[in-house]
A.B. asks: 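Handing you this structure, nothing more for now.
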Amino acid sequence: MENDDPRHQGMRKKLVEGLRIKGIRDENVLSAIEKVPRHLFMESSFLNFAYKDQAFPIGSGQTISQPYTVAFQTQLLEVKKNDKILEVGTGSGYQAAVLLEMGARLYTIERQKDLFLKAQSFLPEIGYHPACFFGDGWLGLPGFAPFDKILVTAGAPSVPAALKEQLKTGGRLVIPVGNENRQEMIVIIRISENEFKSEKHGGFIFVPLLKGTVN
Ligand code: SAH
């Protein structure tokens, strides 16, 4: 790929070794992270930080999640090839690229127009083809539901009812839930039409899941 040289590839190998040491076990997640050129999702001034395990600003007051957080959420999602997945919070598009690299059929929604436009034009340029939507992820995408998996990449004060409704039976919703300072990573599994089970997976800090859209 243009703008992705052996130096970047070497940095990604090191990043992946670090994620392994921090406990990420899903080999499909690790190999996707090894393939996606994260540096291309950041401003060039941050190039030297692209493969540190840290979050970074992507403009419009938003951040590209820390690689460990991307890996952890993706691992909890238990992605299988051809899974139909909804991502809430497209942001830079990096998480979307990781899911596509794993063979997902991806729908991704972003509430900030500038970020939506940027991701929608940039992702295909580097070979990733999600369906990008501008809208409020609190509502999900009822016209395209149900989904095998739903991933929320912003911290929610509570679990949006629409997202539970848009899950297939057997499907998984991964969502950080809490206040502005700390969210618990929750996995909700739809056991049957009316039954849900939930698991807790530790504390994280995300930018907030907000309502409405910004033009
Ligand atoms: N997945 C992104 C992480 C971006 S941070 C990445 O890989 O870069 C979270 C994103 O969620 C921000 O871009 C923010 O604008 C967006 N967001 C917050 N509330 C939202 C909502 N209700 N619907 C859709 N996107 C939302």
Side-chain angles (χ1 to χ4, degrees), residues 8 11-12 14-16 18-19 22 24 29 32-33 36-77 85-101 106-123 125-126 128 130 132-138 150-157 160 163 173-186 201-215:
H8 299 120
M11 290 166 93
R12 284 205 291 284
K14 282 210 178 110
L15 172 65
V16 163
L19 294 175
K22 290 177 185 173
I24 302 300
V29 172
I33 287 176
V36 178
R38 189 170 194 264
H39 61 285
L40 301 181
F41 292 80
M42 298 164 65
E43 303 291 322
S44 57
S45 53
F46 292 126
L47 190 68
N48 290 329
F49 297 102
Y51 296 108
K52 292 195 169 148
D53 191 14
Q54 287 176 12
F56 274 94
I58 54 170
S60 310
Q62 301 304 320
T63 56
I64 178 172
S65 300
Q66 181 183 347
Y68 175 76
T69 305
V70 171
F72 190 78
Q73 283 199 296
T74 311
Q75 177 167 276
L76 289 176
L77 213 53
I85 302 183
L86 170 63
E87 178 195 20
V88 174
T90 312
S92 68
Y94 175 71
Q95 170 75 71
V98 170
L99 293 168
L100 288 160
E101 197 62 69
L106 187 66
Y107 297 74
T108 181
I109 182 165
E110 171 57 54
R111 70 182 285 276
Q112 291 204 33
K113 189 64 136 318
D114 53 347
L115 293 174
F116 155 76
L117 289 172
K118 205 168 158 189
Q120 188 188 38
S121 69
F122 174 65
L123 284 165
E125 277 172 28
I126 58 166
Y128 296 112
C132 291
F133 296 83
F134 171 58
D136 182 354
W138 271 96
I150 300 177
L151 174 58
V152 179
T153 67
L163 298 185
L173 163 62
V174 175
I175 179 168
V177 180
N179 61 32
E180 277 173 30
N181 303 318
R182 182 186 185 274
Q183 302 95 37
E184 181 82 24
M185 191 66 75
I186 306 284
H201 290 275
F204 287 82
I205 303 171
F206 285 78
V207 297
L209 184 73
L210 300 171
K211 290 192 178 161
T213 54
V214 183
N215 269 292

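On a predicted model such as this, the values are computed, not experimentally measured, just so you know.
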A.B. asks: Counting only heavy atoms not in K14, do more than 12 sit closer than 6.0 Å to its NZ atom?
C.D. replies: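 Check fails, neighbour count at 12 or below.
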A.B. asks: May I ask you to decide if V88's main-chain N or O and T153's side chain share a donor-acceptor pair within less than 3.5 Å?
C.D. replies: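 It does hold such a pair.
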A.B. asks: For T108 and E87, test the side chains for any donor-to-acceptor distance below 3.5 angstrom and give the result as yes or no.
C.D. replies: yes
A.B. asks: Partners of F56 by ring-ring contact (aromatic ring centres under 6.0 Å, His included), sequence neighbours excluded?
C.D. replies: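 F56: ring-ring contact (aromatic ring centres under 6.0 Å, His included) contacts with F46, F49.
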A.B. asks: Report the residue from Y94, Y51, Y128 that forms a ring-ring contact (aromatic ring centres under 6.0 Å, His included) with F41.
C.D. replies: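 The option that passes is Y94.
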A.B. asks: Holding to side-chain hydrogen bond (donor to acceptor under 3.5 Å, both in side chains), I want the full list of residues that pass it with Q95, two or more places apart in sequence or in another chain.
C.D. replies: T74
A.B. asks: Salt bridge (Lys or Arg N to Asp or Glu O under 4.0 Å) for E180 and R182? Distances and angles first, verdict last.
C.D. replies: CA-CA 6 Å; E180 277 173 30; R182 182 186 185 274; over 6 Å; no
A.B. asks: Salt bridge check: are E101 and R38 linked by an N-O gap of less than 4.0 Å?
C.D. replies: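 Salt bridge: no.
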A.B. asks: If the condition is side-chain hydrogen bond (donor to acceptor under 3.5 Å, both in side chains), which residues does N179 pass it with, not counting sequence neighbours?
C.D. replies: none
A.B. asks: The criterion is side-chain hydrogen bond (donor to acceptor under 3.5 Å, both in side chains); which residues satisfy it with K113, sequence neighbours excluded?
C.D. replies: N215
A.B. asks: Are D136 and T213 linked by a side-chain donor-acceptor pair shorter than 3.5 Å?
C.D. replies: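 D136 vs T213: no donor-acceptor pair found between side chains.
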A.B. asks: Looking at residues at least two apart in the chain, or sitting in another chain, which of them share a ring-ring contact (aromatic ring centres under 6.0 Å, His included) with H8?
C.D. replies: H39
A.B. asks: List in chain and number order the residues that pass ring-ring contact (aromatic ring centres under 6.0 Å, His included) with F72, two or more places apart in sequence or in another chain; answer none if no residue qualifies.
C.D. replies: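 With neighbours one apart ignored, the set is Y68, F204.
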